[in-house]
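Since the structure comes first, as structure tokens, the remarks are kept for the end.
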Amino acid sequence: MTPEETRKQEEAIHASSLRVPRRPPWKPDMSPDELHDSETQAFLVWRRSLARLEENKKLVLTPFEKNLDIWRQLWRVVERSDLLVMVVDSRDPLFYRCPDLEAYAREVDEHKRTLLLVNKADLLPASIRDKWAEYFRAHDILFIFWSAKAATAALEGKNLGSSWDDDNTGRTNSPDTKIYGRDELLARLQSEAEQIVNRRNSGTSGAGPSNIKSPAENTAGSSSSSNVVVGFVGYPNVGKSSTINALVGEKRTGVTSTPGKTKHFQTLIISDKLTLCDCPGLVFPSFSSSRYEMIACGVLPIDRMTEHRESVQVVADRVPRHVIEQIYKIRLPKPKPYESQSRPPLASELLRAYCASRGYVASSGLPDETRATRQILKDYIDGKLPHYEMPPGTSEEEQALEDPTTHDSIDLHASDSSDIEDSSDVESGLAPNLEHVLDDLSSFDLANGLAPKSTTLKKSKASHKHHKKPQRKKDRAWRAGNDDADGTPVVRFFQKPANTGSLKD
């Protein structure tokens with residue numbers, strides 16, 4: 001088997017070991033110290049179970065949260081909430097989804113449900129949303145498509161563009177695939193939470209036994225349908241705080257591209273009937289292909305990475321070559337004749353071409369790949385570089401038909417659209433800068449000994465001639481013409497007069 005198949009087989013064997021830490025049972029007469037010791041002991045047992053998986057070299061685990069205080073925040077949000085909303089990124093929903101958290105919510109209360117809020121849905125074409133909606137319905141997953149960025153723009157009175165409106169309203173008639181607005185989402189969340197409370201109140205008092213009891217749970221269990229609580233959980237940097245701010249209507253939580261901005265959960269009252277509970281971003285234990293994939297997905301901070309080319313290679317493998325060239329207005333080196341012509345560009349090729357087009361040069365005189373890597377990864381996370389994952393089970397033919405550049409819903413930036421439409425304009429715009437790009441790349445190859453000998457010799461002569469100091473013009477004013485003779489110049493000379501002064505005796 002290939003290494004990829006071996007890794008997937010090993011992940012399937014240990015999939016049941018990826019569990020969210022549970023809060024241990026407690027009694028009302030327990031002291032705070034006893035409760036703290038009980039939670040700490042249960043957390044250490046959970047850590048030891050995952051440590052065994054980390055020792056397996058065939059598996060790569062996400063850098064899950066190892067702070068007990070952060071997990072305590074999650075426990076209280078799960079117990080307090082009637083409806084648990086898991087915010088995920090629409091470009092790869094299954095990577096950010098934690099099935100064991102849904103199981104833990106049902107263990108706390110059998111009536112509690114988990115809703116998948118697919119954020120950044122405006123980055124997906126309508127056809128891709130249809131495929132994901134079909135997948136979610138087939139697996140009995142409650143979901144809603146949502147865009148916090150679009151909702152915030154609507155609150156601020158900004159125009160989202162005709163292409164977004166046509167893609168959201170004109171091309172879809174199904175309520176499952178449309179992108180919800182702020183008022184529609186609030187009404188849907190309140191309706192789902194009220195149904196859960198009604199089912200809980202209509203059931204028997206002994207329904208849903210659980211070994212986890214807390215005052216927060218007792219309050220939620222006795223609450224009426226007139227006041228419901230909706231909790232928000234999810235990975236860092238998936239737009240959870242932006243969603244809260246859009247629903248509240250004002251900035252109540254800090255928003256930044258760096259994961260881990262929110263530190264403590266907070267309760268926000270929307271109305272007399274609806275209350276939101278925001279939980280800090282958590283990295284749940286799950287399997288990943290590599291650490292660089294988590295950096296590209298925004299789970300790990302970009303500013304803390306040490307290997308740059310590996311993270312950019314993840315972007316180069318997922319985004320087609322022609323899309324990168326169109327968006328960044330660069331020309332990537334073509335594959336060699338003996339290589340596959342359909343291979344993705346190498347990270348070194350992408351970084352050097354990007355640095356040459358933007359003029360990024362480090363203090364050493366080489367291309368500043370660190371600065372270029374950060375900018376490319378930020379564009380990838382923000383959606384400037386269009387990409388998305390297809391649902392599991394999609395055939396290769398369907399994936400080949402889905403091209404990110406063929407959909408109007410993907411924004412290729414208005415400043416670049418005029419140049420993309422006409423290929424001749426692209427070539428004419430690139431022609432003046434192409435020679436500079438090639439010269440910079442050739443000089444970089446020469447500095448690292450990557451160019452062939454013939455090219456090196458030719459370049460060295462040209463470089464020497466180019467930087468040679470101009471020869472100083474000789475002064476020939478001492479020559480005098482001899483037009484009457486044979487043309488040989490006559491030397492003009494001066495004789496020093498003799499010293500005619502008085503001589504001393």
Side-chain angles (χ1 to χ4, degrees), residues 16-55 61-87 98-112 114 200 206 208-223 229-236 240-241 244 252-254 259-269 275-286 299-300:
S16 59
S17 301
L18 296 178
R19 293 172 54 86
V20 172
R22 267 64 169 171
R23 187 178 184 183
W26 63 281
K27 299 178 181 179
D29 56 351
M30 293 178 64
S31 65
D33 294 337
E34 293 176 347
L35 179 62
H36 177 77
D37 294 340
S38 177
E39 293 178 349
T40 303
Q41 186 64 28
F43 187 73
L44 289 177
V45 173
W46 174 75
R47 284 287 308 273
R48 293 191 187 100
S49 63
L50 291 181
R52 299 187 187 97
L53 295 180
E54 291 179 325
E55 294 175 356
L61 264 69
T62 55
F64 56 90
E65 184 61 52
K66 300 179 178 61
N67 189 357
L68 176 58
D69 293 333
I70 302 298
W71 287 107
R72 285 194 178 109
Q73 308 288 323
L74 176 67
W75 292 342
R76 280 147 183 78
V77 170
V78 171
E79 295 168 358
R80 186 186 297 265
S81 305
D82 299 311
L83 175 66
L84 194 64
V85 177
M86 189 181 303
V87 185
C98 182
D100 190 64
L101 181 61
E102 302 175 7
Y104 174 56
R106 290 192 297 268
E107 292 176 8
V108 174
D109 183 2
E110 64 175 0
H111 301 287
K112 198 183 297 290
T114 303
R200 182 190 299 123
S210 174
N211 59 349
I212 303 176
K213 299 295 181 182
S214 66
E217 181 188 357
N218 295 333
T219 303
S222 60
S223 62
V229 180
V230 178
F232 285 80
V233 298
Y235 274 77
K240 185 163 49 58
S241 297
I244 294 293
R252 299 292 296 273
T253 60
K261 174 66 175 178
T262 306
K263 302 297 182 183
H264 301 280
F265 84 95
Q266 54 182 338
T267 303
L268 305 171
I269 300 176
T275 302
L276 303 182
C277 192
D278 183 22
C279 177
L282 278 166
V283 179
F284 301 101
S286 63
V299 176
L300 297 179

Using modelled atom types only, decide if a donor and an acceptor are shared between the side chain of T40 and the backbone of H36 within a distance under 3.5 Å.
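Side chain of T40 to backbone of H36: a pair is present.
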
CA sep, side-chain torsions, deciding dist, call: K240, D278, salt bridge (Lys or Arg N to Asp or Glu O under 4.0 Å)
CA-CA 8 Å; K240 185 163 49 58; D278 183 22; 3.4 Å; yes

Shortest non-hydrogen contact between [X] and [Y], atoms and distance:
X	Y	result
V78	L101	CG2-CD1, 4.4 Å
N67	F43	C-CZ, 4.2 Å
S81	C277	OG-CB, 4.4 Å
E79	Y104	OE2-OH, 4.4 Å
P21	W75	O-NE1, 2.9 Å
V229	R80	CB-O, 3.7 Å

Contacts of type side-chain hydrogen bond (donor to acceptor under 3.5 Å, both in side chains), residue D100, not counting sequence neighbours:
R22

With E39, which residues qualify under side-chain hydrogen bond (donor to acceptor under 3.5 Å, both in side chains), at least two apart?
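Residues passing side-chain hydrogen bond (donor to acceptor under 3.5 Å, both in side chains) with E39: R23, R72.
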
Side chains of R106 and K112 in contact at under 4.5 Å (non-hydrogen atoms):
no

Any heavy-atom pair between the side chains of V233 and L282 that's under 4.5 Å?
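Contact flag for L282/V233 side chains = no.
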
Applying ring pair (Phe, Tyr, Trp, His ring centres under 6.0 Å), can you list everything that pairs with Y235, at least two apart in sequence or on another chain?
Y96, F284

First locate atom [atom1] of [X], then atom [atom2] of [Y], and finally report the distance between them rounded to the nearest 0.5 Å.
X	Y	atom1	atom2	answer
D33	L35	CG	CG	9.5 Å
T267	L276	OG1	CG	9.5 Å
C279	L74	SG	CG	5.0 Å

Step through it carefully: locate the ring centre of F64, locate the ring centre of W71, and say whether they are under 6.0 Å apart.
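Ring-ring flag for F64/W71: false, centres at least 6.0 Å apart.
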
Between D109 and R200, does at least one N-O distance fall below 4.0 Å, as a salt bridge requires?
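Yes, charged N to carboxylate O under 4.0 Å.
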
Residue pair V230, T275: steps toward the side chain to side chain contact (heavy atoms under 4.5 Å, CB included) verdict
CA-CA 6 Å; V230 178; T275 302; over 6 Å; no

